[in-house]
Trainee: 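Take this structure first; my questions come after.
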Amino acid sequence: MTSHVVIKYHLKADPSEEKTISIYKVPNGHTLRLTSVEIRFPSGTAGELLVALKYGNMKVYPDSGYASGDGGTIRDDVDITYQSGLDVLLYYKNENTTDVREAYINLEGELND
């Protein structure tokens with residue numbers, strides 16, 4: 001059986017912060033196939049917040065570089081499958097040394113048995 005999944009995450013990165021965090025854990029016995037990625041960068045972000053999705057240690061989105069922006073939204077169709085029990089990992093780096101930077105991440109996909 002397949003069910004639709006929406007993963008929403010509001011990222012707030014402290015000045016000079018660089019981390020990889022889990023934003024979703026695939027339930028045991030299931031696989032998650034991500035089909036769409038949307039990242040919104042509020043106005044004033046100045047392209048200083050770098051964002052990527054990872055599968056373990058491997059970057060899987062975007063294909064090259066990092067997602068960043070200022071007052072815009074990036075939307076892409078993807079085909080990324082996470083296996084049972086694995087985490088959907090979000091890497092981010094705030095290149096600003098004094099200000100918090102934010103982004104809104106929305107992922108959509110299918111959870112399969």
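We use all heavy atoms of the structure for the numbers below, so side chains are in, but hydrogens, waters and symmetry mates are not.
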Trainee: Are side-chain N/O atoms of Asp70 and Thr45 paired as donor and acceptor at under 3.5 Å?
Mentor: no
Trainee: Would you say the ring centroid of Tyr92 lies under 6.0 angstrom from that of Tyr66?
Mentor: no
Trainee: Between the side chains of Asp14 and Ser16, does any donor sit under 3.5 Å from an acceptor?
Mentor: no
Trainee: To the closest 0.5 Å, what do you measure between CZ (Arg101) and CG (Leu11)?
Mentor: 12.0 Å
Trainee: How long is the straight-line distance from CG of Asn94 back to CD of Glu48, given to the nearest 0.5 Å?
Mentor: 7.0 Å
Trainee: Would you say Ile21 and Met58 are hydrophobically clustered, going by side-chain heavy atoms of ILVMFWY under 4.5 Å?
Mentor: yes
Trainee: Test your reading of the model: is there a side-chain donor-acceptor pair from Lys59 to the backbone of Gly65, 3.5 Å cut-off?
Mentor: yes
Trainee: Check whether any side-chain heavy atom of Thr2 lies under 4.5 Å from a side-chain heavy atom of Asp113, and answer yes or no.
Mentor: no
Trainee: Does this structure show an ion pair linking Glu38 with Arg40, if we count only N-O contacts that are shorter than 4.0 Å?
Mentor: no
Trainee: Would you say Lys25's side chain and Val88's backbone share a donor-acceptor pair under 3.5 angstrom?
Mentor: no
Trainee: Side chains of Tyr24 and Asp87: is there a donor and an acceptor less than 3.5 Å apart?
Mentor: no
Trainee: Hey, what do you get for CD1 (Ile7) to CD1 (Ile105), rounding to the nearest 0.5 Å?
Mentor: 11.0 Å
Trainee: For the residue pair Arg33 and Thr81, what are the closest heavy atoms and their distance?
Mentor: CG-OG1, 3.9 Å
Trainee: I need the minimum non-hydrogen distance between Tyr82 and Leu53, along with the two atoms involved.
Mentor: OH-CB, 4.2 Å
Trainee: Minimum heavy-atom separation for Ser84 to Pro27, with atom names?
Mentor: OG-O, 3.7 Å
Trainee: Verify the neighbour count for atom NZ of Lys12: are there more than 12 heavy atoms of other residues, nucleotides or ligands below 6.0 Å?
Mentor: no
Trainee: Could you tell me whether the side chain of Tyr61 reaches within less than 4.5 Å of the side chain of Ile74, counting heavy atoms only?
Mentor: yes
Trainee: About how many Å separate NE2 of His4 and CG of Leu111, when rounded to the nearest 0.5 Å?
Mentor: 11.5 Å
Trainee: Output, in order, the C-alpha distance, side-chain angles, deciding distance and verdict of side-chain contact (heavy atoms from CB on, under 4.5 Å) for Leu34 and Val5.
Mentor: CA-CA 9 Å; Leu34 291 181; Val5 172; over 6 Å; no
Trainee: Is a side-chain donor-acceptor pair under 3.5 Å present for Glu102 with His10?
Mentor: yes
Trainee: To the nearest 0.5 Å, tell me how far Thr35 OG1 sits from Asp79 CG.
Mentor: 8.5 Å
Trainee: Is the backbone of Val37 close enough, under 3.5 Å, to the side chain of Asp76 for a donor and an acceptor to pair up by distance?
Mentor: no
Trainee: Does Val60 belong to the same Ile/Leu/Val/Met/Phe/Trp/Tyr cluster as Leu86, with side-chain heavy atoms less than 4.5 Å apart forming each link?
Mentor: yes
Trainee: Does atom CG of Asn57 have more than 12 heavy-atom neighbours, drawn from other residues, nucleotides or ligands, at distances under 6.0 Å?
Mentor: no
Trainee: Are His30 and Asn112 close enough that a side-chain donor and a side-chain acceptor fall under 3.5 Å?
Mentor: no
Trainee: Considering non-hydrogen atoms only, spot the tightest contact between Thr20 and Lys54 and give its length.
Mentor: OG1-NZ, 3.9 Å
Trainee: Grab the two heavy atoms, one from Gly47 and one from Ser68, that are nearest each other, plus how far apart they are.
Mentor: O-CB, 3.9 Å
Trainee: Distance-only, no hydrogens or angles: does the Asn96 side chain make a donor-acceptor pair with backbone N or O of Thr98 under 3.5 Å?
Mentor: yes
Trainee: Calculate, to the nearest 0.5 Å, the distance between atoms OH and CG belonging to Tyr55 and Leu89 respectively.
Mentor: 10.5 Å
Trainee: Going by heavy atoms in the side chains, are Val100 and Pro15 under 4.5 Å from each other?
Mentor: yes
